[in-house]
Amino acid sequence: MADQTAKYLVTGASGQLGALVVAELVGKVPAKNVVALVRRPDAAAALEAHGVEVRIGDYDDRASLEQAFQGIDRMLLISASEMGRRAEQHKNAVDAAVAAGVGFLAYTSVLRAETNSIGLAADHRETEAAIKASGLPHAFLRHGWYTENQTASIPPALEHGAYLGAAGDGLFSSATRQDYAEGDVAVLAADTLQSGAIYELAGDESYTMAEFVEVISSAAGKPVAYVDMSEAEFAGALESAGLPAPIAALLADSDANAAKGALKDESHTLQKLIGRPTTPWAETVRAAVKAL
């Protein structure tokens, strides 16, 4: 049962995950109790359609965050997207939450953040440490891979007949953003909060990229091959395709660490939180191909 009396705030509310969280949250608690934080006023309209309050705040402007967090009982801090700046930005948000008297903070971290070798984990480890040090009652929502991270590469794969990667036979236990949004809300809006709780969240099923690409090929009715490369070769291919070097390196690192098991999880914690199986990855793939 969701707490109907608390005042909730979701950061990054106009983003791909944040928008889903807001939509899920207003299905559980009164919309008037939900605050959506965005950086720009032009992002407000779609959120206001849900009946929620929209406040403006920027991860780089602690004063704006402190003002936006006033009167908030429970807050979901969705990790920022600006690589190389995230730990600093998150620290601004944590400090502002303390100053504003936020009652509880849940943070979207990464799977097994304390030990994960994936490059993405470094910012999350630093943020988790800052939250612990802040003294705020908190929970860590450690997200695994999003299936949409993989389906985003389907269009060029179909165009060229090849899906590039560096994951070898590594297993991905991915789920959809909607699955994660439901899990995040289940924790944030719970009747009883468990401060210090850590949730390792991932999809029920695991797959290799070769298996993933087989489903793309079958759904599209045309041959598509998985081309496994070294981490350096994959980073170079991504750069050649137009990605900035730091992003290309980060994606290649993610694949290379997935080959070592960094994105596999068999806990089924997410399924338990949302009360249903996570969305089958092959179903998401087929839908993505059909949408094209």
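Fair warning: this is a prediction, and the values are worked out from it, not measured in the lab.
Annotation for Gly57 and Leu37: closest pair N-CD1, 3.6 Å, computed over non-hydrogen atoms. Contact record, Tyr163 with Ala157: CD1-CB, 3.8 Å, taken as the closest heavy-atom pair. Across Thr108 and Ser79, no two heavy atoms sit closer than the pair OG1-N, 3.0 Å.
With Arg74 contributing its side chain and Ala6 its backbone, the two residues share no donor-acceptor pair below 3.5 Å. Side chain of Asn92 to backbone of Arg62: no donor-acceptor contact under 3.5 angstrom is found. With hydrogens and angles ignored, the 3.5 Å screen pairs no side-chain donor or acceptor of Asp253 with any backbone N or O of Ala249. Panel note: side chain Lys7, backbone Lys32; a donor-acceptor pair is recorded below 3.5 Å. Distance alone, capped at 3.5 Å, places no donor-acceptor pair between the Ser134 side chain and the Val94 backbone. Arg55 places a side-chain N or O within donor-acceptor distance of the main-chain N or O of Ala68, the cut-off being under 3.5 Å. Of the possible donor and acceptor atoms, one in the side chain of Glu233 sits under 3.5 Å from a partner among the backbone N and O of Ser230. Not one N or O on the side chain of Ser218 forms a donor-acceptor pair closer than 3.5 Å with the backbone of Glu214. Looking only at distances, no side-chain donor or acceptor of Glu48 sits under 3.5 Å from a matching main-chain atom of Val54. Without hydrogens or angle criteria, Arg177 side chain to Val21 main chain gives no donor-acceptor distance under 3.5 Å.
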Decide side chain to side chain contact (heavy atoms under 4.5 Å, CB included) for Met209 and Phe172; before the verdict, give the C-alpha distance in whole Å, the side-chain angles of both, and the deciding distance to 0.1 Å.
CA-CA 8 Å; Met209 286 313 300; Phe172 292 80; 3.6 Å; yes
Please determine whether side chain to side chain donor-acceptor pair (under 3.5 Å) holds for the pair Tyr59 and Thr11, giving the CA-CA distance in whole Å, both sets of side-chain angles, and the decisive distance to 0.1 Å.
CA-CA 9 Å; Tyr59 285 140; Thr11 74; 2.8 Å; yes
For Thr208 and Asp169: C-alpha separation, side-chain torsions, deciding distance, then whether side chain to side chain donor-acceptor pair (under 3.5 Å) applies.
CA-CA 6 Å; Thr208 65; Asp169 293 324; 5.6 Å; no
Taking it one step at a time, do Leu17 and Tyr146 satisfy side chain to side chain contact (heavy atoms under 4.5 Å, CB included)?
CA-CA 10 Å; Leu17 176 64; Tyr146 300 136; 3.6 Å; yes
Give the C-alpha distance, both sets of side-chain angles, the deciding distance and a yes or no for side chain to side chain donor-acceptor pair (under 3.5 Å) between Glu200 and Ser267.
CA-CA 7 Å; Glu200 304 287 358; Ser267 69; over 6 Å; no
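For the pair Ser217/Lys222, no side-chain contact is recorded, criterion being any heavy-atom separation below 4.5 Å from C-beta on. Looking at heavy atoms from C-beta onward, Glu114 lies out of side-chain contact with Phe140 at the 4.5 angstrom threshold. Using a 4.5 Å cut-off on side-chain heavy atoms (C-beta onward), Asp73 and Phe104 make no contact. With contacts defined as side-chain heavy-atom distances shorter than 4.5 Å, the pair Glu283/Thr279 qualifies. Contact of the Arg142 side chain with the Ile198 side chain is registered, since non-hydrogen atoms from C-beta on lie closer than 4.5 Å. The shortest side-chain heavy-atom distance between Asp184 and Tyr107 does not fall under the 4.5 Å cut-off. Side-chain contact between Gln4 and Lys28 is absent, with no heavy atoms from C-beta onward closer than 4.5 Å. For the pair Arg286 and Ile216, the minimum side-chain heavy-atom distance is 4.5 Å or more.
In this structure, Arg276 pairs ionically with Glu182, as a charged nitrogen and a carboxylate oxygen lie closer than 4.0 Å.
Applying the side-chain hydrogen bond (donor to acceptor under 3.5 Å, both in side chains) test between His90 and each of Asp123, Asp95, Thr127 identifies Thr127 as the sole match. A side-chain contact (heavy atoms from CB on, under 4.5 Å) with Thr278 is found for one member of Leu201, Asp204, Thr176, Thr147 and no other, namely Asp204.
Atom NE2 of His143 sits about 13.5 Å away from atom CG of Leu263, to the nearest 0.5 Å. The line from OG of Ser117 to CZ of Arg112 is 9.0 Å long, rounded to the nearest 0.5 Å. With values rounded to the nearest 0.5 angstrom, Ile274 atom CD1 is found 4.5 Å from Leu270 atom CG. How far OG of Ser81 is from CZ of Arg86: 8.0 Å, rounded to the nearest 0.5 Å.
Tyr8 and Ile72 end up in different hydrophobic clusters when Ile, Leu, Val, Met, Phe, Trp and Tyr side chains are linked at under 4.5 Å.
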